[in-house]
Amino acid sequence: MVGMLGQNAARIVQGGDPSASWRPASSAIARLFEGVGWRGTAAVPAHEAFYWVHILAVLAFLVYIPSSKHLHIIVAIPNIFFRKLGPKAGAALAPIDLEHAEHYGVSQVTQWSWKNLLDLYSCTECGRCQEQCPAFLTGKPLNPKMIIVDARENLYKTVRDAPAGQRRDPPQPQKLIGEAIKEDEIWACVACGACQQECPVLIEHVPKIIDMRRSLVLEESKFPKEAQNALRSIETQGNPYGLPRAQRSDWAGGLGVKTVEEKPDAEYLYFVGCAASYDEANRAVARAFVKLLQKAGVDFAILGPRETCNGDPARRIGNEYLYQTQAQANIEAMNTAKVRKVIASCPHCFNTIKNEFPQFGGTYEVVHHTQFLAGLIKDGRLRPSKAIDGRFTYHDSCYLGRWNDIYDPPREVIEAIPGAKLVEIERHHKRGFCCGAGGGRMWMEEKIGKRINHERVEQTLRTQAPRVATACPFCLTMFRDGIAAKGAETRLQVKDLVQYLAESIDGEAPRLTTTSG
């Protein structure tokens, strides 16, 4: 800038700049030059000096860029161009070829693909990701910005430490997990995608964290004890709750729900999920949903005992082998039943069946229950009639909202209830705040910092709305626990959208038999 202003000022005092009247700063400098006698040809040396100041400064910066954070000026554009198309990275994790892979996950920075390394170089260190990360904002050791920065420094160190004269040889890898990135950082992630949503250069943080989890779980058998219990339960019982497979369909007792064997020509498969099958609070949601489907005359069936965990908790914890086993079991059962359309009431089931099952031959038309209910209301097949007067607020599920961009249907269901007035929590839509259960954290204890669900409940209480609606069994559980911990049962009621809708249609929602999730 100084070089350019100096050049322009020297040109002005030489009398050869027709744009002088449009250059106020350079004209002011030109008057200073005239004051020291630089007029006409006397200003030529000054012009040349400022010219070379300008050129050398630019060239020096170009040399500096590749070894500094300013490298993003060059690589950000190609990084955005080569972004993942289709399902968002994190919504559909890349599978591992378990039979032929040389390594399972990433323990060394050089094991990442060229696109992941381009991500590292692209970081602007702006900090937008950390300002949205629920783990960082509640005092956890995770900082998504530093995950990228520390991995990049690890990559630089790997290249710098290559033997002199052998830079073309494969670099000697430096330890990534445990030194550059601590294990507590890796396990603090709730895989909500808030960091990726905010990143101006579209860096994919979540898949990198899951890659490191995969290495810890599959190569070193290192993971939190609570996660071990959940993974063992999925493996032995087909659900993370550890309850018997034989009880999977008990929630539907007395409702007349048919299985695909009993009704092979059903138009829709209702994929119930583990929470709605085993957790008492979420069983009430499933029963309410089924009654609404029956009232609307929807032709549906369930897998029954043939349904097993979709594998999302296993995959996000890092056990890709267990995930693929569960996915393939469900896909085999669904393909055998000739399933074409699927309704899921859990956003994690919805996301996995829609975006990840196609990786293994399971391609279906998948809809979330809020989308389906909004459609039934629009078609006049469900007519909410009983007023529920007052303020409502809605908590956006990360796997429904950020990962799949479904924001309007849940709100349309609330607005269809007579008397309901929707107000938004301070963090909502694409900047919604995770309940704390994603990324397998539903099955792990929060031992560091403030509980994420407590923070979310506090945000919800600040709306002064007496009712909050959820659309995810994990969110419902985390809200119930958070409200109980805050002693806010008299100020805030939480139910699934299905239950509020059922109350408006039938006059009474199915009652819960327990007070905790």
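Note that these values count all heavy atoms, side chains included, but never hydrogens, waters or copies made by symmetry.
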Which value, rounded to the nearest 0.5 Å, describes the distance between [X] atom [atom1] and [Y] atom [atom2]?
{"X": "Tyr323", "Y": "Thr325", "atom1": "OH", "atom2": "OG1", "answer": "11.0 Å"}
{"X": "Asp312", "Y": "Cys349", "atom1": "CG", "atom2": "SG", "answer": "7.5 Å"}
{"X": "Asn319", "Y": "Leu216", "atom1": "CG", "atom2": "CG", "answer": "12.5 Å"}
{"X": "Ile483", "Y": "Leu461", "atom1": "CD1", "atom2": "CG", "answer": "7.0 Å"}
{"X": "Leu176", "Y": "Ile181", "atom1": "CG", "atom2": "CD1", "answer": "4.5 Å"}
{"X": "Thr470", "Y": "Leu476", "atom1": "OG1", "atom2": "CG", "answer": "4.5 Å"}

Without swapping roles, check the side chain of [X] against the backbone of [Y] for a donor-acceptor pair under 3.5 Å.
{"X": "Asn330", "Y": "Cys309", "value": "yes"}
{"X": "Gln228", "Y": "Pro224", "value": "no"}
{"X": "Glu412", "Y": "Ala374", "value": "no"}
{"X": "Lys145", "Y": "Glu131", "value": "no"}
{"X": "Arg480", "Y": "Thr477", "value": "no"}
{"X": "Arg391", "Y": "Thr463", "value": "yes"}
{"X": "Asn239", "Y": "Ser233", "value": "no"}
{"X": "Arg83", "Y": "Leu202", "value": "no"}
{"X": "Arg316", "Y": "Gly438", "value": "no"}
{"X": "Gln196", "Y": "Ala89", "value": "yes"}

Between [X] and [Y], what is the shortest heavy-atom contact and its length?
{"X": "Ser345", "Y": "Val272", "value": "OG-O, 3.9 Å"}
{"X": "Pro200", "Y": "Thr124", "value": "CG-OG1, 4.5 Å"}
{"X": "Lys182", "Y": "Gly178", "value": "NZ-O, 3.1 Å"}
{"X": "Cys472", "Y": "Asp496", "value": "N-OD2, 3.9 Å"}
{"X": "Val201", "Y": "Ser122", "value": "CG2-O, 3.5 Å"}
{"X": "Leu231", "Y": "Ala314", "value": "CD2-CA, 3.7 Å"}

Within a reach of under 6.0 Å around [atom1] of [X], are more than 12 heavy atoms found that belong to other residues, nucleotides or ligands?
{"X": "Tyr364", "atom1": "OH", "result": "yes"}
{"X": "Ile77", "atom1": "CD1", "result": "no"}
{"X": "Arg128", "atom1": "CZ", "result": "no"}
{"X": "Tyr407", "atom1": "OH", "result": "yes"}
{"X": "Gln464", "atom1": "CD", "result": "no"}
{"X": "Glu332", "atom1": "CD", "result": "no"}
{"X": "Glu458", "atom1": "CD", "result": "yes"}

Under 3.5 Å, is there a donor-acceptor pair linking the side chains of [X] and [Y]?
{"X": "Asn351", "Y": "Asn404", "value": "yes"}
{"X": "Thr370", "Y": "His368", "value": "yes"}
{"X": "Gln459", "Y": "Glu455", "value": "yes"}
{"X": "Asn229", "Y": "Trp443", "value": "no"}

Going by heavy atoms in the side chains, are [X] and [Y] under 4.5 Å from each other?
{"X": "Ile186", "Y": "Leu142", "value": "no"}
{"X": "Ser277", "Y": "Glu307", "value": "yes"}
{"X": "Ile343", "Y": "Leu269", "value": "no"}
{"X": "Tyr394", "Y": "Ile425", "value": "no"}
{"X": "Ser26", "Y": "Met4", "value": "no"}
{"X": "Val342", "Y": "Met334", "value": "yes"}
{"X": "Pro473", "Y": "Cys346", "value": "yes"}

Can you tell whether the side chains of [X] and [Y] come within less than 4.0 Å, N to carboxylate O?
{"X": "Arg441", "Y": "Glu446", "answer": "no"}
{"X": "Glu198", "Y": "Arg431", "answer": "yes"}
{"X": "Glu204", "Y": "Lys84", "answer": "no"}
{"X": "Glu185", "Y": "Lys140", "answer": "no"}
{"X": "Asp119", "Y": "Lys115", "answer": "yes"}
{"X": "Lys157", "Y": "Glu179", "answer": "no"}

List the steps and the verdict of side-chain contact (heavy atoms from CB on, under 4.5 Å) for Ile452 and Cys435.
CA-CA 6 Å; Ile452 294 175; Cys435 71; over 6 Å; no
Should the pair [X] and [Y] be assigned to parallel (<30°), tilted (30 to 60°) or perpendicular (>60°) ring geometry?
{"X": "Phe289", "Y": "Tyr270", "value": "perpendicular"}
{"X": "Phe392", "Y": "Tyr500", "value": "perpendicular"}
{"X": "His348", "Y": "Phe474", "value": "tilted"}

Any chance the rings of [X] and [Y] have centres within less than 6.0 Å?
{"X": "Trp403", "Y": "Phe350", "value": "no"}
{"X": "His395", "Y": "Phe433", "value": "no"}
{"X": "Phe82", "Y": "Trp114", "value": "yes"}

By the definition salt bridge (Lys or Arg N to Asp or Glu O under 4.0 Å), identify the one residue from Arg427, Arg411, Lys430 that meets it with Asp396.
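Per the salt bridge (Lys or Arg N to Asp or Glu O under 4.0 Å) rule, the option paired with Asp396 is Arg411, out of Arg427, Arg411, Lys430.
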Among Glu320, Glu220, Glu219, salt bridge (Lys or Arg N to Asp or Glu O under 4.0 Å) partner for Arg214
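When Glu320, Glu220, Glu219 are each tested with Arg214, the salt bridge (Lys or Arg N to Asp or Glu O under 4.0 Å) holds only for Glu320.
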Worked check of side-chain contact (heavy atoms from CB on, under 4.5 Å) between His429 and Glu424:
CA-CA 9 Å; His429 282 76; Glu424 297 288 0; 3.6 Å; yes
Step by step, would you call Gln132 with Gln197 a side-chain contact (heavy atoms from CB on, under 4.5 Å)?
CA-CA 9 Å; Gln132 296 298 324; Gln197 177 72 46; over 6 Å; no
Would you please test Asn310 and Phe271 for side-chain contact (heavy atoms from CB on, under 4.5 Å) and show each step?
CA-CA 9 Å; Asn310 68 78; Phe271 193 92; 4.3 Å; yes
